[in-house]
Undergrad: 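One structure follows; several queries about it will come next.
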Amino acid sequence: GAVVSQHPSRVICKSGTSVKIECRSLDFQATTMFWYRQFPKQSLMLMATSNEGSKATYEQGVEKDKFLINHASLTLSTLTVTSAHPEDSSFYICSARGYGGNTEAFFGQGTRLTVV
Amino acid sequence: QKEVEQNSGPLSVPEGAIASLNCTYSDRGSQSFFWYRQYSGKSPELIMFIYSNGDKEDGRFTAQLNKASQYVSLLIRDSQPSDSATYLCAVEGSSASKIIFGSGTRLSIRP
């Protein structure tokens with residue numbers, strides 16, 4: 001399958017600081033990227049959908065000013081968690097999808113964020 | 001009603017048997033359907049992707065889609081202990097191209 005690379009895999013930050021997570025599609029052009037959050041023993045919750053060159057569409061209840069998403073190119077999307085708090089500690093996973101309808105979505109390795 | 005529903009399990013299946021995982025969805029206009037496998041602490045990995053009614057086979061895995069019944073399933077033949085994981089059903093809805101996940105079914109293959 002296609003390769004989606006996500007970095008960092010783990011990050012620990014202090015409360016009040018910001019953290020940036022990168023998601024890159026290595027061997028295809030990702031027109032759409034999805035950002036998910038997963039708490040322990042729970043399923044993936046979609047946070048936002050971003051299309052290259054346009055603003056992200058956030059799911060209800062997700063603060064767009066706190067979770068900044070940038071999808072500036074067809075191979076890179078970033079999620080910045082601003083002013084992180086301990087309750088933001090979670091597993092963040094990106095997923096990327098290429099051109100056309102009825103195509104697969106591939107996941108990055110995920111980022112384990114711990115806010116202390 | 002949840003958009004994508006799965007039985008949380010755990011589903012216990014003896015090694016070598018067929019494991020059957022089920023998923024229903026609420027958006028009748030949904031276009032694409034995915035099965036992912038997720039090991040604890042890891043990111044999901046794509047197993048199967050289906051968008052036409054009927055069966056799609058890939059090795060030991062068969063996905064079955066019935067749009068009229070809004071039902072998609074995954075069969076795993078000759079189950080192996082390494083198949084023990086959480087299986088996530090995901091559905092692309094009719095609008096906004098977003099992919100929504102079910103809560104996952106924990107599958108345990110007993111030797």
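Any value given below was found using the heavy atoms of this structure, including those in side chains, with hydrogens, waters and symmetry copies removed. All chains are named by letter (A, B, ...) in the order of the sequence lines, taking the proteins before the strands, and each is independently numbered beginning at 1.
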Undergrad: Are A:F107 and B:F101 an aromatic pair, judged by ring center distance below 6.0 Å?
TA: yes
Undergrad: Can you hop from B:V72 to A:L44 via hydrophobic side chains spaced under 4.5 Å?
TA: yes
Undergrad: Which bit of B:Q38 comes within less than 4.5 Å of chain A, counting heavy atoms only: side chain, backbone, both or neither?
TA: side chain
Undergrad: Would A:L68 end up clustered with A:M33 when hydrophobic side chains under 4.5 Å apart are linked, directly or stepwise?
TA: no
Undergrad: Name the region of A:Q38, side chain, backbone, both or neither, that has any atom closer than 4.5 Å to a heavy atom of chain B.
TA: side chain
Undergrad: Strictly distance-based, threshold 3.5 Å: is any side-chain N or O of A:S43 a donor or acceptor partner for the main-chain N or O of B:G104?
TA: no
Undergrad: Report, as yes or no, whether the 6.0 Å neighbourhood of atom NZ on B:K67 holds more than 12 heavy atoms from other residues, nucleotides or ligands.
TA: yes
Undergrad: Let me know if A:I93 has heavy atoms under 4.5 Å from chain B in its side chain, its backbone, both or neither.
TA: side chain
Undergrad: Side chains of A:F106 and B:L46: does their closest heavy-atom pair fall under 4.5 Å?
TA: yes
Undergrad: Does atom CZ of A:R112 have more than 12 heavy-atom neighbours from other groups under 6.0 Å away?
TA: yes
Undergrad: Rounded to the nearest 0.5 Å, what separates atom NZ in A:K41 from atom OG in B:S103?
TA: 14.0 Å
Undergrad: Might you confirm whether atom NZ of B:K56 has over 12 heavy atoms from other residues, nucleotides or ligands at distances under 6.0 Å?
TA: yes
Undergrad: Determine, using the 4.5 Å side-chain heavy-atom cutoff (strictly less than), whether A:V11 and A:Y92 are members of one ILVMFWY cluster.
TA: yes
Undergrad: In terms of hydrophobic clustering (I, L, V, M, F, W, Y; side-chain heavy atoms under 4.5 Å; direct or indirect links), are B:W35 and B:L65 co-clustered?
TA: yes
Undergrad: Based on non-hydrogen pairs under 4.5 Å, which of B:A90, B:G102, B:P44 is most in contact with chain A?
TA: B:P44
Undergrad: Kindly compute the distance separating CD (A:E104) from CE (B:M48), expressed to the nearest 0.5 Å.
TA: 10.5 Å
Undergrad: Does any non-hydrogen side-chain atom of A:S95 lie less than 4.5 Å from one of B:I99?
TA: no
Undergrad: Heavy-atom cut-off 4.5 Å, strictly under: side chain, backbone, both or neither for B:Y36 against chain A?
TA: side chain
Undergrad: Please examine the side chains of B:S32 and A:R97, heavy atoms only from C-beta on, and report whether any two atoms are closer than 4.5 Å.
TA: yes
Undergrad: Can you confirm whether more than 12 heavy atoms, excluding those of A:K55, are under 6.0 Å from its NZ atom?
TA: no
